[in-house]
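See structure below.
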Amino acid sequence: MGSGSSVNVNYKYSLQKSENAFKAAVLIQRWYRRYVARLEMRRRCTWRIFQSIEYACEQDQIKLHNFFSYLMDNFTPSSSKERDFISRMFISGESFKEAELEKYCDYESLEVPDSYTGPHLSFPLLPDHATALLEAFKQKQQLHARYVLNLLHETRKHLKQLPNISHVSTCYSEEVTVCGDLHGQLDDLFLIFYKNGLPSPSKSYVFNGDFVDRGKQSLEILIILFTFLLIYPKEVHLNRGNHEDHMVNLRYGFTKEVMQKYKLHGKKILKMIQNVFCWLPLATLIDQKVLVIHGGVSDTTDLDMLEKIQRNKFISVLRAKKRKELNRNVEIKEINGESQAEPDSAGNETMSSLPSQPRPAQAPSMANRVEFSRWVRQTVQEQIEWCRKLVDISDSEEEELTCSSLVSLTDLDGPCWTRQEEWKQILDILWSDPMPQEGCRENTVRGGGCYFGPDVTGKILEKYNLQFLIRSHECKQDGYEFCHNRKVLTIFSASNYYEIGSNRGAYVKLGPDLVPHFVQYQANKTAHTLTMTQRISRVEESAFRALREKLFAHTSALISAFKVYDKDNTGRITLSNWATAVESVLRLGLPWRMLRPQLVRSTADGMLEYKSWLDDLAMEQRSQEHIQSSLLEVIYRNRSNLETIFRIIDRDHSGLISFEEFHQTWKLFSSHMNIELTDDGINDLVRSIDFNKDGNIDFNEFLEAFRLVKQSQ
């Protein structure tokens, strides 16, 4: 009997122990799920911050370009120098005639010195040349400018023979590999080739645009891709992306990269690349069933029209709508330096009804600040008024600004609606994004293209008998993502795009069955050593640093927004009002109440002293003690725009602009930057702009001049 009691006690003890262990397991599981959920919430918030800031920058680029387009259409130069200056802002984007381009980019005139130790190219290219280039770039070597220009010349000749939509068949190779955005990250391309193998007769590749910008080795990526394209023209296919656009390159780094690497011949290389970009095919069709495009589609996408468009006309898809046909012809004659009045068959001037252009009075001495300032203002005002009369714009009428194609001004014969329709086809496939909702609407987040829903996808697939679409254009955490019932696949190949550990890169392989097989990777070794928590924390820190910079850059607007809720001028507002005010200024669409703990210190009474909070932001961003916070704020907010403007003015991409060019430009963009041409400001500008007295202005001097004029207000 004692033995039975002992067994019973042991059984109860074991049962109790098992029950405790089970409860502990449940608690651990709950804790772990909460922990993972919080990490996921942090990751999603971080992702929203990065994407919102990225797309806001794209909006700024398009707005800036629209502004210059408006000036191009409405500011009439008063002298041949001004005419040349204004026209080249965008006319420089036009393609050369065949003979002119070959003469301008004459690679045969360049000699390769005996001291050159980099790779050598001879045409036609062989696989050994590609291998040598890969090894040279791994060793940080640089290809000689002669070979770069020669390669671009041969690439252009090949691309001109290709249709707008390339056709690929899995019958001729085991599989087709599709890669997304690379954005100048050469290590990702190396890793793709290491994992998947080099292009060959049995291994076809489709690279889906956005080869350049943001990363530091965009040119090397272009050289490698163009080399393989010439070696294996049937196995390597390149689609155009929205960053294969010279106006976008001005802002996002590719133009600067080329000029830094090829200081002597960079201008020629950029001109050739610009021309090559406009000849890139617009899409690829795999087995007539899978459409590969960079951005997306819209409810007006017409593949038949896309196949017939003269794609080389659209050098840039960032351009404002043209004026009426009459005004357009006037513009052409002005730019070409021709007289506006042309005799008709009877010998009469057909445009005599146009108002005559006012001639500016002789400029007074710059020693007299007041008189010189008054003269500048009067001259600019006279020109604006004359332009208004010329294009029939009343003071209250606003010109509609949209994105449009940078079509050569010599190609204005065809019907306007046809050109606009063609432009929209290209804009939509390069800039659009999918959305979960039905329908098709303007993509206001990026500022170009559209959002297309699953119903739009379904109609396109049904109309052209397709199985699914492959697109890129958006960074995804896992490198790829399905949407629209797995009918749209986004593939993104630049790993660690926002920050180390922010995302994986991926590529997709399609066999004859067209079933997608994905390969993911991390090109950065550091990312492999980080735990999930460390990775999220690192990316989160970077995202909030970028967000605080954005907040600081809008200090003045934030103060005005906060004062709306601070009726009694106490310097304090509720945290809820803080979130509302911040969104009204930045318009990033972020969950500010959720982000608040990372941006604002908690208070016991739920109120925020917004002036001290903004002072704290200023302390974080202040890099030079002598620069006032208000000035630093303006530079932070406009630096990207200023750098883009500087590169537009910098005709030869030398990193220097002349004093005269700067003066002419200041007239144009001062209104865009909300800067008054004050008496003291103009005088300071004239006296102080060329700090090192070398007769030219570099970008640092450009920023400093901008700061001085703002300070004088």
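The first residue of the sequence shown is numbered 1, and numbering continues consecutively from there.
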Should [X] and [Y] count as an ion pair when the cut-off is N to O under 4.0 Å?
| X | Y | result |
| --- | --- | --- |
| E154 | K157 | yes |
| E549 | R545 | no |
| R471 | D433 | yes |
| E541 | R538 | no |

Worksheet entry | Working for side chain to side chain donor-acceptor pair (under 3.5 Å), residues S537 and R42 | CA-CA 9 Å; S537 296; R42 289 170 59 191; 3.1 Å; yes

With a 6.0 Å cut-off on the ring centroids, do [X] and [Y] count as close?
| X | Y | value |
| --- | --- | --- |
| F228 | F193 | yes |
| F211 | F226 | no |
| H484 | F452 | yes |

Within 6.0 angstrom of [X] [atom1], more than 12 heavy atoms from elsewhere:
| X | atom1 | value |
| --- | --- | --- |
| D304 | CG | yes |
| K308 | NZ | no |
| K261 | NZ | yes |

Worksheet item: Applying the ring-ring contact (aromatic ring centres under 6.0 Å, His included) test to Y480, which of F492, Y507, Y521, F518 qualifies?
Response: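 For Y480, the ring-ring contact (aromatic ring centres under 6.0 Å, His included) check succeeds only for F518.
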
May I ask you to decide if [Y]'s main-chain N or O and [X]'s side chain share a donor-acceptor pair within less than 3.5 Å?
| X | Y | answer |
| --- | --- | --- |
| Q520 | D478 | yes |
| N524 | T526 | yes |
| E442 | G449 | no |
| H243 | R240 | no |
| Q598 | F544 | no |
| T301 | V297 | no |
| S542 | V539 | no |
| N208 | I293 | yes |
| T284 | V292 | no |
| E438 | P454 | no |

Distance in Å, [X] [atom1] paired with [Y] [atom2], rounded so as to fall on 0.5 Å steps:
| X | Y | atom1 | atom2 | result |
| --- | --- | --- | --- | --- |
| T155 | L229 | OG1 | CG | 6.0 Å |
| K216 | I221 | NZ | CD1 | 14.0 Å |
| E54 | L588 | CD | CG | 12.5 Å |
| H246 | S316 | NE2 | OG | 5.0 Å |
| Y252 | D245 | OH | CG | 11.0 Å |
| R43 | T46 | CZ | OG1 | 8.5 Å |

Going by heavy atoms in the side chains, are [X] and [Y] under 4.5 Å from each other?
| X | Y | value |
| --- | --- | --- |
| N196 | E175 | yes |
| I470 | V206 | no |
| L198 | L134 | yes |
| I273 | L152 | yes |
| H473 | T490 | no |
| V445 | Y451 | yes |
| Y232 | S204 | no |
| C179 | I192 | yes |

[X] and [Y]: which non-hydrogen atoms are nearest, and at how many Å?
| X | Y | value |
| --- | --- | --- |
| L219 | Y262 | CD2-CE1, 3.3 Å |
| I231 | A130 | CD1-CB, 3.8 Å |
| M594 | C45 | SD-SG, 3.2 Å |
| S472 | D181 | CB-OD1, 3.0 Å |

Worksheet entry | Derivation and outcome, side-chain contact (heavy atoms from CB on, under 4.5 Å), residues D428 and K424 | CA-CA 6 Å; D428 286 343; K424 189 178 186 307; 2.6 Å; yes

Fill in: Audit row: L466, L285, side-chain contact (heavy atoms from CB on, under 4.5 Å) steps and yes/no
CA-CA 9 Å; L466 302 171; L285 200 54; 3.7 Å; yes

Discussion item. Parallel, tilted or perpendicular: which one describes the rings of F254 and F277, with boundaries at 30° and 60°?
Written reply: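 Tilted, since the angle between the ring planes falls between 30° and 60°.
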
Worksheet item: For the residue pair Y205 and F207, does the interplanar ring angle fall in the parallel (under 30°), tilted (30 to 60°) or perpendicular (over 60°) class?
Response: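 Correct class here is parallel.
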
Practice prompt. Go through V248 and N242 one step at a time and tell me if the side-chain contact (heavy atoms from CB on, under 4.5 Å) criterion holds.
Written response: CA-CA 8 Å; V248 178; N242 65 308; 5.6 Å; no

Discussion item. For a side chain to side chain donor-acceptor pair (under 3.5 Å) check, start with the C-alpha distance between T255 and N249, then their side-chain angles and the critical distance, and finish with the verdict.
Written reply: CA-CA 6 Å; T255 299; N249 301 152; 5.2 Å; no

Item to complete: Test N164 against every option in Q425, E307, R311 by the side chain to side chain donor-acceptor pair (under 3.5 Å) rule and name the one that passes.
Response: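 By the side chain to side chain donor-acceptor pair (under 3.5 Å) criterion, N164 pairs with just one of Q425, E307, R311: R311.
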
Worksheet entry | Exercise: do S493 and D188 side chains pair donor with acceptor under 3.5 Å |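 Distance-only check fails for S493 and D188.
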
Worksheet entry | Verdict with supporting geometry, L182 and Q185, side-chain contact (heavy atoms from CB on, under 4.5 Å) | CA-CA 6 Å; L182 287 166; Q185 298 185 189; 5.8 Å; no

